[in-house]
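Atoms considered below: every heavy atom in the structure, side chains included; atoms not considered: hydrogens, waters and symmetry mates.
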Amino acid sequence: MPPIELPAFGNLLLCAILVSAAYTFAVALVAGRGRPELLPSVRAGVYTNWALLALAVLVLAYAFQAHDFRIRYVMRYSDRAMPWWYLLASLWGGQDGSLLWWAFLIGCYSAVCAFSLRGKLPELQPYILATLMSVVIFFAVMMLFSANPFATAVAGAPPDGEGLNPLLQNYWMMIHPPMLYLGMTGWAVPFAFCVAALLTGRLDDGWIKASRRWTLWAFMALAVGNVLGMLWSYEELGWGGYWAWDPVENAAFMPLLAGVPFLHSVMLQERRGMFKVWNVFLLCLTFFMTIFGTFLTRSGMIASVHSFARSSIGIYFVWYMVLLVVFCAALIVWRLPLLRAEHRIDSLLSRDFVFLLNNWILMGMLFFVLIATTWPLISEALRDETVTVGPGFYNKWMVPLGLTLMVLTGIGPLLAWRKSTGAHLSRVLRVPLGATLVVMLAHVLLGNALGYPAHVAGDEIYDTFTGKVLAAIYGASPVIASSVCTFVLVGHLQEFWRGVAVRRRNAGEGVLLAFYELITRAKRRYGGYLVHLGLVAMYFGFTGAAYDKDKEAALMPGQSLQVGGYDVRYDGSRMEVEPGRRMIFSDMTLLSNGQEVGRVSPAKFIYDKPQGTTTTEVAIRTTLGEDVYAIMNTVNSQSKLGTFRVIVRPFVAWIWIGGLLMVFGTALCMSPSVREVLGELRMPARARSAAVAMTLLLVTSGALLGLPAAQARADDPGSSTLHAGSVTMRNAEEKQLFARLLCECGDCQRLPLSTCACGWAEDARAAIRSELAAGKSPLAVQEAYRDEHGPQSIAIPADEGLDRLLWAVPLALIALFAVQLFRWGRRWSRAEGGSAAARAASEGGEGPPPGDAAATDPYDARLDAALSRLEDGD
Amino acid sequence: MAHVLPQLLIVLAGACVLLVIYYLWQSLSWLGADADSTAGAGRGIAERTRLLERKQELLTVIRDIRFEHDLGKISDADFKRMDADYRARARAVLRELDEQLGPYREQARALIEEAAGGAPKAATAQALEEPVVDEPAAEAELGDEEAAASAADQAAGEATETESGRCPGCGTDNDQDAIFCKRCATRLREEQSA
């Protein structure tokens, strides 16, 4: 035991963090009220706060490494057998430590923001830093009074700790939470810019431009965090899926659904001065969703496989969210006179209007997911009855919403800003629509023969007309998805191609140089296109789930099972022992047409702590075309008889490739220009292009560095879940029914019976099979299950009564706003008949002076010279 | 690594303690700073920065409109209208930038007169009168009035330094009649005919 009083020192640090944040907050407010000479003091205060937070994190990390079990948090989440890297990861493995980590990341962002702002934006800077410090204050208060990471155990220091949950003992624990937290906390910075702009009344585009890179970074980090979570789920939960619409997963997804519309609609503000109120609202909403998401994760109010234990910190979050809503609403109402702008668009056939539709569908999806996620709470409040909204509900409803989003993603880049002419439209739509038609016909005619039918059987989640409609859409979704993805892909590639052609024609450049110059001179545009292409790749990957093939069998060594065109031969089992666990591997060889194409080794891990805990380790072989996903259920150590389940799922790798593309595209949008990096140094054109090429090479290399990690993931036997594993389902009727019924063992956070491999679930399945064999209908079985275990045991609320509002309200709002948006669009396009002078006057007096003859204006020559320098890349 | 990590954490923690002390001291010492005249200049710089950024945005929009016209997305009539609209806005911003520079030109002229002890040299006076369009770096980068003032300072400094033989580039003392610096070869004065 180290001699230093770490718990006392840690508590002292938490107090110091609170005091320093409060001090900096106060000085910042004074600086903002006409004392700009205090700004250096404010910045130094931010750096002090960051150093204190870093010190607290280092002290806690040291406590883990030194096994200081006097600290309750260390005792709960570590033991003496854990290697140093899991001890590090335990920093964020539990509630208290993750709150400290969250505060530390806010502190890091604050320090970097303060450093980048020195000398800039003197009016906004005090309020930006004050807002960030207010967030630190909130987390410091919570840690001090509710979730103290340095609190000591009442019973004193035990000889050993309880250890980290086996589910968390894998390398993903080192990557996913930090990345996700980076994304969630990152939205605090653009939010701070927004608050500062509202407080100071400086609501031109300055704050948007200044915060753009921060916004892009937050988006990228959060998107990457979500994709890493999908990867972890794919390996971790052992059910072959990557997204379960778990409430905590939704909590990390919802800020993206609010932030992406903001990224698009700010372009409307920059170009047309419109939607200032909407943009401010969106950014406040995004930050609110990050806090709300954290609240969902930590309060334990909604059951989730991810959530921390139910704790007392929920009330702190509630008060903070109330304060946020009241404060932001008051600010926006106060500044409405400055925010209001006349809304005009030239045409409904414009990129401007498609951006509005983009906002509409994404906000619709956000509202849909928000209602569904909180429906258990709403139901309990309204009728004192808890229900569950399982993944089956989301998987059906999000398909049409997602397809709508993809269609808009394809159309937007093809249209021009302000107005697209009829001739232009027919020209740009020709090739993408033609390609779409070809792919659609090929899919319909050849899909069955290739093993990817255009239509699949969709199960009905409701026994009503709504259920039939949803099932029909889901059934047709493969061909719709392939068509829409083709449209988006070809449309975007066409944009790249035409841009290169224009540069070659105008500048006489070669293809490669023209491509470099094209994307580096319009990084936002083409970086955005790359992000869209990443989305297409991910969507393509999602469609593979419709073509799953899986097989279960009991095998002796040497025997094979056939699935999805593979012979999967079981070669034998072996045991390996590591400190803290025994591992039983089953070696399997994959053969295709008699040729060996790969090997996988699914396993079972048996942990010493908690004693006897057994986890299922899946093994995955990944190719671009499909994944082979092997699960070992049991193996007899005497006879070597093993029971296995093998799933062949197409196109999964494209999800991860799409994620990488999104990172690359966002990085391109964020990347500084050569002039920003090198200052006034003027470079010859060749050197400039070389610098650009080197930058792109570095970015690409950085992205490709992710591939070895992905390969390691493919080779790694993966991680495990305590309850998932091989579940036998004999037919589609069983699969559909088991997916709707949740395990009520009380330990697995209510996984569906189709996934949970615990003893209770196995007994329930056996009983249900008996009932089905006796002639009972699936609906009757479901009703009996509900009567026995309560409405929360059904994964999908019925399409009746109050539960119908679950989908009816969001859908009605989506439809209503669609109609209203078109009405507004037509009104705004009629209002655009005003004169250019009137528009310029309403946008801040930047229009030409009366009587100004542009042809003889002496500034025309300067303007042309500046445009020429812009073309030269200065 | 398992053995080294605890010591490494202690070292890093010690560094953080030092940082806390340093930045806290800085913050407290700045608390007593007096309001100074540069505050107004700071606001002026911020305003100029805003205009320069606005100019850059408008130039980018004009360039994008031209590009979309080349792509065929915008008709000729729409292109002419939109191009004229944004050019008008950009001209207004340029006009405002020039109007902002007026007082700073006068300030630079006064500084030069004070430093050089008389009327500024012909080349410097001409440079002050010429519009900054011929100084693309000065117009394109932020804080142009700082550049103008520093250029005046540099001109005055150069006059003083070359008279004493000290090189304005590297600070080396040279002979009073030296034409080039003996260390860095910077030209110190024009060659005089024999």
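Between the CG atom in B/L5 and the CD atom in A/Q65 there is a gap of 4.0 Å [rounded to 0.5 Å]. Considering CG of B/L31 and OH of A/Y23, their distance stands at 4.0 Å, rounded to 0.5 Å. Rounding to the nearest 0.5 Å places OH of A/Y62 at 7.5 Å from CD of B/Q7. Distance check: B/F67 CZ to A/L518 CG gives 5.0 Å after rounding to the nearest 0.5 Å.
For A/V502, the part sitting under 4.5 Å from any heavy atom of chain B is the side chain, from C-beta outward, and nothing else. Looking at A/L13, there are no atoms closer than 4.5 Å to chain B (heavy atoms on both sides), in backbone or side chain. In this structure, chain A has a heavy atom under 4.5 Å from the side chain of B/D78, while its backbone stays farther away. Heavy atoms closer than 4.5 Å to chain B are found nowhere in A/L87, neither backbone nor side chain. In this structure, the portion of A/E495 lying under 4.5 Å from any heavy atom of chain B is its side chain and not its backbone. Residue contact with chain B, scored on non-hydrogen atoms closer than 4.5 Å, is absent for A/R43. Of the two parts of A/L414, only the backbone, made up of N, CA, C and O, holds a non-hydrogen atom closer than 4.5 Å to a non-hydrogen atom of chain B. For A/N49, no part lies under 4.5 angstrom from a heavy atom of chain B. Contacts between B/Y86 and chain A at a heavy-atom distance below 4.5 Å involve the side chain alone, from C-beta outward. With a 4.5 angstrom heavy-atom cutoff, B/L59 touches chain A via backbone and side-chain atoms both.
Counting heavy-atom pairs closer than 4.5 Å to chain B, the top residue among A/L39, A/L55, A/V57, A/V27 is A/L55. The greatest number of non-hydrogen atom pairs below 4.5 Å with chain A, out of B/L12, B/I10, B/L71, is found for B/L71. Taking chain A as the reference chain and counting heavy-atom pairs below 4.5 Å, the highest number among B/L28, B/L8, B/I21, B/V61 is found for B/L28. Chain B forms more heavy-atom pairs under 4.5 Å with one residue of A/R525, A/E270, A/R505 than with any other, namely A/R525.
More than 12 heavy-atom neighbours from other residues, nucleotides or ligands sit within 6.0 angstrom of CZ on A/R524. For A/W50, the CH2 atom counts as loosely surrounded, since its 6.0 Å shell holds 12 or fewer non-hydrogen atoms of other residues, nucleotides or ligands.
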CA sep, side-chain torsions, deciding dist, call: B/K73, A/R351, side-chain contact (heavy atoms from CB on, under 4.5 Å) | CA-CA 11 Å; B/K73 289 188 176 183; A/R351 195 177 291 190; 3.1 Å; yes
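Minimum interatomic distance between B/Q26 and A/A44 (heavy atoms only, all atoms of both residues): CB-CB, 3.9 Å. Shortest non-hydrogen contact noted between A/L867 and B/R63 is CD2-N, 4.5 Å. In terms of heavy-atom proximity, B/W30 sits nearest to A/S41 at CB-CB, 3.5 Å. Between B/G72 and A/R427, the shortest heavy-atom contact is O-NH2, 2.8 Å. Minimum heavy-atom separation, B/V20 to A/A51: CG2-CB, 3.4 Å. Residues A/L863 and B/A90 come closest through the heavy atom pair CD1-CB, 3.6 Å.
No hydrogens or angles considered: a donor-acceptor pair under 3.5 Å links the side chains of A/Y859 and B/D98. There is no side-chain donor-acceptor pair under 3.5 Å between A/Y47 and B/S27.
Taking the charged nitrogens against the carboxylate oxygens, B/R87 and A/D860 do have a contact shorter than 4.0 Å, which makes a salt bridge. Contact check on A/R498 versus B/E68 returns no salt bridge, with no Lys/Arg side-chain nitrogen under 4.0 Å from an Asp/Glu carboxylate oxygen.
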